[in-house]
Visitor: 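Below are the structure tokens for one structure; questions will follow.
Lettering follows sequence order; numbering is per chain, from 1.
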Amino acid sequence: MKIHEYQAKDIFEQYGIPVTKGRMARTAQEAKIIAEELGSTVVVKAQVHVGGRGKAGGVKIAHNPDETYSIAQTILGLEIKGLPVKKILVAEAVEIAKEFYVGITLDLSVKKIVFLVSKAGGVDIEEVAATQPEQIIKVYIDPLLGLQPFQKRQMAYALFSKKDHIHQAMDIFEKLYRVFCGLDCSLAEINPLVITPTGTETSTLLALDAKVVFDDNGLIRHPELEALRDMDVIEEEDEVEARNNGLTFIKLDGEIGCIVNGAGLAMATMDIIKLFGGEPANFLDVGGSSNPNKIVKAFQIILKNKKIKAVFINIFGGITRCDDIANGLLEAHKQMDIHVPVVIRLAGTNEEKARTILNSAHFSAYASMEEAVTQVVELAKRGQA
Amino acid sequence: MKIHEYQAKDIFEQYGIPVTKGRMARTAQEAKIIAEELGSTVVVKAQVHVGGRGKAGGVKIAHNPDETYSIAQTILGLEIKGLPVKKILVAEAVEIAKEFYVGITLDLSVKKIVFLVSKAGGVDIEEVAATQPEQIIKVYIDPLLGLQPFQKRQMAYALFSKKDHIHQAMDIFEKLYRVFCGLDCSLAEINPLVITPTGTETSTLLALDAKVVFDDNGLIRHPELEALRDMDVIEEEDEVEARNNGLTFIKLDGEIGCIVNGAGLAMATMDIIKLFGGEPANFLDVGGSSNPNKIVKAFQIILKNKKIKAVFINIFGGITRCDDIANGLLEAHKQMDIHVPVVIRLAGTNEEKARTILNSAHFSAYASMEEAVTQVVELAKRGQA
Amino acid sequence: MTILIDENTKVIVQGITGRDGSFHAKGMRDYGTKIVGGVTPSKGGQDLEGIPVFNTVRDAVDQTGANASVIYVPPLFAVDAIYEAVDAGLDVVVCITEGIPVLDMLSVYHYIQHKKVVLIGGNCPGIISPGKCKIGIMPGNIHKEGRVGVISRSGTLTYEVVNSLTQAGLGQSTVIGIGGDPVKGINYIELLKRFQADEFTDTIVLLGEIGGSDEEAAAAYIKQYITKPVYSFIAGKTAPEGKRMGHAGAIIAGGKGLAVDKIRILEEAGVHVLDRPDIMGNVIRGGQ
Amino acid sequence: MTILIDENTKVIVQGITGRDGSFHAKGMRDYGTKIVGGVTPSKGGQDLEGIPVFNTVRDAVDQTGANASVIYVPPLFAVDAIYEAVDAGLDVVVCITEGIPVLDMLSVYHYIQHKKVVLIGGNCPGIISPGKCKIGIMPGNIHKEGRVGVISRSGTLTYEVVNSLTQAGLGQSTVIGIGGDPVKGINYIELLKRFQADEFTDTIVLLGEIGGSDEEAAAAYIKQYITKPVYSFIAGKTAPEGKRMGHAGAIIAGGKGLAVDKIRILEEAGVHVLDRPDIMGNVIRGGQ
């Protein structure tokens, strides 16, 4: 689960990582008030779940509250990579002497947590990784041992030279690691981590941006994090509804709605539909447990898509029981007007029971995937004609 | 480092392990006041660093404050296995339905922390281990993984049958483990852990006794624990003084005082003295670092022993430098009257420098252990005659 | 014949009194698996249709002589269940549980590296040696004894392929669903090694999907060590990039883990990669 | 010849700018050891009489090609220093530091079990291959090249014995002080194995002391696997029970770890156990 920069910064602050002052705003007026409170030059940053905000005009400096208002208005009117900007972060602007990158993620090839740090901060780190891999220092954490002091030293001495900065950096590494492990993250990133210029005040380290992605499987341990999920993100509305009902749903461009059990079979089903000349309208995995209501919900979600010309139910029962699916289908027919043809293919656990249920309601189901897919592609084409 | 039951119970309480109410007293009058405060039947327990208090009359029940006074007086007059009782614990007496044993220590053969639990509580657990080993359940903790929930279940289900007791026990195991690891213990023990009888109140688990021994090497991480060291323990006075000066000293029965560097060589030196017909008066290891003052201190400590007839300094320099030892010896001669003959044997790091220093002060040192030991045994015998 | 399990494998079910645990305990026993006991803390002393229930795995093992276990407990308790099974000295532990946090599995992965245990899963359908032993949730009736070994990251996709094999008259030696999670117990390579060494396996089917690089690693191993014919299907050719397709592992990030790349690399390693799973049986029969 | 180290071993000193670290760094270099660098955080870029100092072991290894390290840092930092050395891929790590909490060492012990590193210590005098390489704090001048391998839990007692060997004209192949702490890196058995396999070692000296059961374990191994003559001395025959004799390991608890038992068990394994250490050289020379 992705969260926004302003939310990630709140988390950083709770864990004691130094961040710039600021707050989230939904309107230009709110932004102006925040700028007044901060009483300094501010940076206004679009809060959207895509990269490249800066290039798209989503990050701008404002020198006073009035300018903040107008810049906020502009940014709140933007669409970045198809996503409308609904929230902005208004934060104090700070002077920067140098920018660094610090990130923690998982390296699945070695099954370890890995720190990535670089002197090349503030830029696209994947770009750096691709073109100048020697600029990135990787430090692997043994999960049974945890982050060790020597590893913090290794990174701090590689990035910084002043004693103060080295100690601050070691402290930040420790705290970012606590964020990562404490909240079951799959990514915790500071880009850039900056040092402010030496002047009248002491030069210090600050996290100017913050990015945190949670492991979806870890959320069960941190129910409080659900509150951070952005319900404003329009393109995911159906996906959120699906998830709330125990389904995994991803909308695609085609005209054949799919209801399948299991991610692998769901993907394979999409692949075969395409192979047979059709286009899948979605990925939908009803998951392992077989609650008839899930099928009702699945129909509700996929039928919202007006492009759909036919629905394909492909079930190979294991932990999912075919009779539950059949009952769900009948229930869906009762509860709503299913205006497109539905092709059913059933096999596996309680298959015979399911056929009995379906037959008694005058439905029939294929056993062969080939026949079923041929049929659904044919019906979808007829619907389009 | 050993601490008393009352101190261990304080620690248990801080960690949330349920213990009986009570306090330490040094006089019968204090004991009476505590009994008045508790307002119940109390148990008066001698606080000494040896086992078998009960059999020696060091644990008694008192039904009222006056009886507490007289019992306290009796116990404070006792000597248990040679140790005078200077402190007592006055604690509320509770009814006991059943007694259990719970202990955590290290199993050095597998290099793991080990839980020992038994239904045979309240008795000498070493006796149980020797005669009925099947009565003791051992659960080994992988140091990199820590105590796991299943291990707590394993022990709790083995000891208890009621749901409440099982949950309380799992909680106590967890907390005792935190005491053990959090304070660098080498032993953390509850014997007995009791369940109180089911009556009007709920039957509950209580730690009736508490024993904690700290790893001496771990004390450096917990300087606050030094305050728990019992300075009253007379027979260890010299040992404490030695420790405070970086020396390891143990008093023995013989007449040859020993100053040696390294525990292995110190023990070997004692063995050889004995082999040559002498009797060592002490074990004294000046340790690795070679501060001349340590030698002065070593003389101060061993010369307190009036049985001493000769002193043997046996140094094989490694990290210890012989010249530091030589300087220390000269300093000791300056500062005090060394009334017994001193035989010196030096070898190893800076041996030549040391000989130069000693020669200039008209001392000489052997290079051969055999010659030196022969000499010191001879001198000690002469002194006795 | 079979790898890892056989007709003598004695299995306990961790979480036997739960909805899935009890359903599949009976299902496995009906299939013929020696289900010798179950574990649910606080239910020790009860039984599930004659299967004795214990409070701890240690108790169950001591009293039944079990050498394998299957885990049906909620995700936050699964890792403790795995450790308990490993600690009790079991040879094979199958973790069906879906949704285990990946940080928990990192610890498990490293902890078991030098232990004798073979961990299958989590988030997997289990392992079956047709006609001998089924440990997991797969529908037993679609399987048939034979000489094809199947390894898969997916559950239902595996059933599809096994069904196709059986319908084409090709039985299976052992079928293992290794699970769809990014960090899991046993992986392709260790199983390829075992199938290569197993005299009762002639042909290997490796089912993969988008995301991660396990198939690429398997391809490199096949190229170097596997002489038996290997057939494959990789699901997710039509999946869009950057979207999570149900399995935590089935996500394509930064151009890595694409089906097209996996297929190419497997083909370069001499693997026959099919473009649909349901014809696996006929293709292999044709190829033999 | 030698085991574990030789004239090509390149050593870095962790804690080189400390009192003991700098003294012994120079001492080792004077003996002829290839001391290629030192590590003290925040002192990187400085040097100790020409020995370059680095901030991290990784830096030191990258720039000097070191394959061994010796640790002279305070007890609460020693374990981190060990992990740092292991992480940097060193072959031999010698930890001189005394007073490391035993719980810290438990973690170290288990962590290094499946790593290639050989850890010697903590609380040990180190290892020396006379005339080639000295890593530790022992006085180099009492050693002499030769064919006796020495393993010991004690520091100064080892010097006593080595001195006696050298005076009797018997040189040493390698002398290792494994340290007196109850939990340590390499132990008797692994070293007995190496000496048995080393064609340049004829005779083995095993020095022990009261406490623990390492000598008993060594005796069992000797009985089964060691064909070379083994001589021994066990310190602490006169030590009273229940008293800690300096070394954390040298404590007799509950009648276990007594010198008299160790001596008996070693003798039963065919070891020549002497009743004093200072005559070791003459006894072995006489026995040959």
Visitor: Mind checking what makes side chain to side chain contact (heavy atoms under 4.5 Å, CB included) contact with D/Ala218, not counting sequence neighbours?
Guide: D/Tyr188, D/Leu192, D/Leu206
Visitor: Which residues satisfy the side chain to side chain contact (heavy atoms under 4.5 Å, CB included) test with A/Ala8, sequence neighbours excluded?
Guide: A/Ile3, A/Ala210, A/Val212
Visitor: Give every donor-acceptor pair between chain D and chain A closer than 3.5 Å, one pair per line, or write none.
Guide:
residue, atom, partner, partner atom, Å
D/Ser42, N, A/Tyr157, OH, 2.8
D/Asp80, OD1, A/Phe150, N, 3.0
D/Asp80, OD2, A/Phe150, N, 3.2
D/Asp80, OD2, A/Arg153, NH1, 2.9
D/Asp80, OD2, A/Arg153, NH2, 3.1
D/Glu84, OE1, A/Arg153, NH2, 2.8

Visitor: Just jot down the side chain to side chain contact (heavy atoms under 4.5 Å, CB included) partners of D/Ser152, sequence neighbours excluded, or say none.
Guide: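 Counting only residues at least two positions away or on another chain, D/Ser152 forms a side chain to side chain contact (heavy atoms under 4.5 Å, CB included) with D/Ser154, D/Thr158, D/Leu207.
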